[in-house]
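Fair warning: this is a prediction, and the values are worked out from it, not measured in the lab. Order of appearance sets the numbers: ligands from 1, and atoms from 1 within every ligand.
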Amino acid sequence: MRLHINHFCLTLASIVPSTLAVYSDEAYSVDYHHELLGLPLPHTTFFHRPRKEEKASLLYTLSDLGVLGAVNPGLGKIVWRQFLAGYEGASESGFLRPIEGENILVSAIGSRVDAWDALNGRTAWGTAFKGTVRDLEVMENAAGSTDATDVLALFQEDGKADLRRLKGTNGDVVWEFKDGSSDIPLQVSTNVQSVFVVSLHGTVGSYNLKVTTLDPVTGKRTNEYTLNTKADVHAPEDVLLVGANSAASIIAWTDKTLKTLKVNVLGKSGDIQSLALKEADGAITNVSLHAPHLVQSQPHFLVHSHSAVANRADVFHIDLTSGSIKKAYDLPKLPGQGSISVSSVDANVYFTRLTQDEAIVVSSASHGILGRWPLKLKEYRGSFVHGATEVVQRTADTYAIRSAVVTTDQDWVLVRNGVEAWVRTEGLSGAVAAAWAELPESESLIQNLEVEAESNPVSSYIHRVNRHVNDLQSLPDYLQRLPQRFLSSILPPAIIGPKAGVLVRDSFGFNKLVIVATQRGRIYGLDAGNDGTVVWSTRAFSQPAGKLWDVTGMWVENLKGTTTIRGGEGEYIIVNTTSGEKIETVPPGSWPVVTGTALVDSPSGKWLLPIGANGDPGEIPQEWAPKDTIVVQCDDGEVRGLKFEVTGAKSAPIVTWRFNPPEGQKIVDVISRPTNYDPVASIGRVLGDRTVLYKYLNTNIALVTATSAHDSTATFYLIDTISGGVLHSATHAGVDTTQPIASVITENWFIYSLWADISSDTNNSGDSKGYQLVISEMYESNIPNDRGPQGAEANSSSLEPSDIPNADPALPHVISESFLIPEAISHMSVTQTRQGISIRQVLCTLASSGAIVGIPKSILDPRRPVGRDPTTAEMEEGLFRYTPVIDFDPKIILTHKREVIGIKDVIAAPAVLESTSLVFAYGVDIFGTRVAPSAAFDILGKGFNKLSLVATVLALWVGVVVLAPMVRRKQINGRWMSA
Ligand SMILES: *[C@@H]1O[C@H](CO)[C@@H](O)[C@H](O)[C@H]1NC(C)=O
Ligand SMILES: *[C@@H]1O[C@H](CO)[C@@H](O)[C@H](O)[C@H]1NC(C)=O
Ligand SMILES: *[C@@H]1O[C@H](CO)[C@@H](O)[C@H](O)[C@H]1NC(C)=O
C-alpha cells in the first residue's frame, strides 16, 4: 500500500499552502463597522453643493456628538468625517455654515472656529479662542464683490460677549468687538449695512433683548436698543429665531401662553409686531420658525405650530423697506407631528412638509402646491422631528425633492419624492454601555441540563430519557436539512447565502447578540454574527433634550433571556434580550439615586446590586444579600470594603476596611478582575528547566489608580478586597495627569499606560518622557516550585493569612517591565477565550488615531531578558530579547484602515472555539471583530478549499478501488515467481 500513502502525501502537500495563507483575507469580512455621526441637529444640517459649477450636492451635518460629516445623499454613505468633540469646551452643540459659492464649510464648537474643504473634509484653517462660541454667521458681500467671504464668530468669554470678524481665507481676526456689559450673548446677524449682536439683558429668568448694531467694516458700535421682553423671555431657548442675514432680518419670540408671535425687524428699535397664532385642535404646545439662510432669498418665513394632536403652519412676508410683516397664506392643519423644512434656490424659497402620509412642497410666494407625493417608508420609524430638504425644479412645473429627516426613533431617513431611499441608524451612536448576550436556541438544553444536575439520579435519568425521546421528534426535520448542511459546509457561503434575519446559535459560537444602551435613552440589540445589524431597538426612557442617560449598569441574564439596565436616577428597565420587548420599567425618580452597580452573588442567585449616593447600597432583604465583600468608592474618594450582615429579614452593609491614599493623591480609577468570565487555564508558569512559577491567582484584588496633579505622580495600589491590605504599589514620577491613564487587571497580571518619565531601568538618561505601558505579573513566590507562605493549602484567608495572629497577608512577588508606546491609550481591556488557554491580547483604544490595537501578551512579558539574548532555557519558555519600544504596526491594528471614532469601551467574549475571542467596541461608532490571539488553530480559514479536499478523497477512493486488485494480483504473481 506504500504507493497510496505517497500519493496521499503528495495530494496533501498540494492542499497545505492554501491553508497557510489563512486570515489575511479575513480583514473586512469578519469585522463590521457602523460609521456613525450622531443625531443631526436642525440648525446644522443642510444640503450644499461643494462645487458651484456642478449639480451634485452633499448632505452636511454637525451632530449632537460633535461629529462633522458629509454624506452622499444618493447612498447614505459617509464621504468624510471630522470628530470635533475632543475640542476644549465642545460639550455644547456647535454651529456649521456653508459659504455659498466657495468650496468651504465653517464650523464653530467649543473654543474653536475651523474652515473645511467641503469636498474632502481637509482643514482650510482653524483657530482657537478663549471662551465658548455662541453663534457663527457668514457675512454678506456687497453686490459685485469678489473677495472671499468673511465670517462672524460670537463668543462668550468670562460671561461677556466677544464678537470677531474672521477673514474667510485664513481665519485672521479683522476686528474684534467686546461688549463690556455682562449681558448674555445670544446670536449674531448681519446684512450689508450692519452687524447685529443680540444679547439677553436683565436678571436670570426674565430678560429683555438687547440689540447692538455694529459697523461691518470697523466693528465699532453704531447703535443699541432694548426690546421689552421681560414677561416672555425667561431663557435663551425662548427666543425662537434670530435670522442669519437680510433674508430673515428679524428676531422672533412668543408670549408665555403661545398665543401671539412677536417679531422685531432688526435695526428698528421699539417696533414689536404681534402676530396671532391660530390654534389647531387644542392649545399650541410648540412653535418653531423656518427662515431661509441664503442671502439672496426672498424675506419670507414660516411659523410651524404644534398642538398635542395636530400641526399647522403660517407663511409670512417681510417688507424690507417699510419693515412691516404680512401673513401670506397658511398650510392647513394635519393630524400628528410633521416636519417642515426650508430650501432656497436663488431667490426662491420652498417649504417642504412631511407627514406620515405625504410629502408636499410649496413656494413661499403663494400657496399652490408644487409637488405632492404619497409617503412610502419600508417600516414605521416614529414620527418626523425635523429635516433638511433639497428642492430641484425639473421643468416649469415639475419638482423633485430629497428630504433627510430625523424620526422619533432616532433614525435618519432620506425620502426622495416620498420614497425611502436610505436609513442611517444614527440613534445607535453615543453608546454608553454594552454587554454580550447568548442567543437563546439551546437555552432549553441548558435549563434541562441544570434540572438534571440538581435533581436526584433516578428522576434525572427519567428526565434525560424523556428529553432524548422529545429530541427524536426533530429527527425528520434534521434529516431533511442534512443535504443543505452538507452543501453549506463545502460550498463558499456566498453561494448558499446567509440566513438573514434568523437568530440561531452556530457551532463556533460566533453568533451572539450585543445589547447596547445609548446616552439618548435607547436600547439596541445587535447581531454580532451578522455584521452587527440591528435586530431590535426600543426607547427605554425619553431623555429631555441635552440630558444624557447615565447608565450605571447592564446585566444580561442568559438563562432567563432578559437584560437589566440600571440608570443613575434609580430607574431601571428589564427587556427581553432577543426581542427587545419591555418586561419591567421603573421610571427615573421612583427609587433613590444610583451611583454605580455591582454584579453580586446572593442566596437568590446573581443580580445587579445598585449602589446609592456616597457608595452606600443601603439595606436589602436578607435573601438578596451579596455573599462576598463588595468594593465601593465614596464621594470623598475613599475606597471601602463592604460586607453584608444579616439581622432578621434584612441585611445591612458593614464597612470592613477603608483605603485612603496619602494626602494630595486623588483616586481616579478602581478596577477589579472581570466578574463575569475570567477563566485561567493554568495555575503556574512552566519555565525552561521544567520548574514552575506559581501564579498569584487571588480573585479578590482591585487595582486603584491615584494621581497627584501637584507632584505630577501616579501611584497604583494593588489591594486585597477582603482585608483592604495593600499587596503592592508602584509610583511613577513626571506624570502628566491630564493625559489618559488606562489600566486592566486579569489572571495574575495587570497593565497600565500613562505619560511619565521614562524610568531609569529602561533608559539611564532619566529626563526623557513618553507614553509608556507597564506590565506587572504576580507570582506566589520568586522561587520556582515554591508556593510561598500559602503553600499547598486548599483554602487560604486574607484576614488570617497564617496561624500567627495579626500576621501580614502573603504578598505576591511582582515583576514589572515598562515599554514605550507611540501614543496615548484611552482605554484598555483584554480578550477572553473559552478556557483561557490562548494567549491574551491587550486591546488598546487609540483615541487620536481612531484605531484599536491588539497587543499580544507574549510581547508584554516582564520576564523578557534585558540587554542580552535569551538563554536556551529562556528560549524554550518562549522569551525573546527585550526591546523598549512597541510599535503599533499595521499587523496588530484590529481596525485596519478604518477610522473608529469616540470609542469609550471595548468588550470581549469567548466563542465556543478556544482560539477565538469576539471583540466589540462602542462609543460614537460601533466596531466588532473576531481575534485569534494564538492563531486560529481549531478552525479552517476561508481560503481552505473544502471542495478540493472532497475531490481528493474521492480521487483517492477511486484510486484504491482501481489499484487494489492490480496490486494484489502483482503480489500474488510475485509470490509465485519467488516460490
Ligand atoms: C419644540 O420643538 C423644538 C424643535 O423641534 C424642540 O427643540 C423643543 O424642545 C420643543 N419644545 C417643546 C416645549 O416641546
Ligand atoms: C423573548 O421573546 C421571544 C420572542 O418573542 C420569546 O420566544 C421569549 O419567550 C421571550 N422571553 C422572555 C423571557 O420573555
Ligand atoms: C535612552 O535615551 C536616549 C536619549 O533619549 C537614547 O538615545 C537611547 O537610545 C535610549 N536608550 C534606551 C535603552 O532606550
- Message: Could you check whether atom 2 (O) of ligand 2 has a protein contact, counting only heavy atoms that fall below 4.0 angstrom?
- Response: yes
- Query: For atom 14 (O) of ligand 2, is the nearest protein heavy atom closer than 4.0 Å?
  - Reply: yes
- Task: Identify whether the distance between the nearest side-chain nitrogen and carboxylate oxygen of R834 and E914 falls below 4.0 Å.
- Result: no
- Cationic N near anionic O, under 4.0 Å, R673 to D678: yes
- salt bridge (Lys or Arg N to Asp or Glu O under 4.0 Å) against R566, all qualifying residues, sequence neighbours excluded: none
- Query: Which of the atoms in ligand 2, numbered in the order shown and given with their element, are less than 4.0 Å from a heavy-atom of N576?
  - Reply: 1 (C), 2 (O), 3 (C), 8 (C), 10 (C), 11 (N), 12 (C), 14 (O)
- Message: Out of all atoms in ligand 2, which are within 4.0 Å of some heavy atom of K560? Include the element for each.
- Response: 13 (C)
- Message: Taking ring pair (Phe, Tyr, Trp, His ring centres under 6.0 Å) as the definition, give me every residue that meets it alongside W555, ordered by chain and number, with sequence neighbours left out.
- Response: none
- Task: Give the residue, atom name and distance (to 0.1 Å) of the protein heavy atom nearest atom 4 (C) of ligand 2.
- Result: S579 CB, 4.3 Å
- Hey, is T578 touching ligand 2 through its side chain, its backbone, both or neither, going by heavy atoms under 4.0 Å? side chain
- Sidechain-backbone polar pair: K643 side chain, I722 backbone, donor-acceptor under 3.5 Å: no
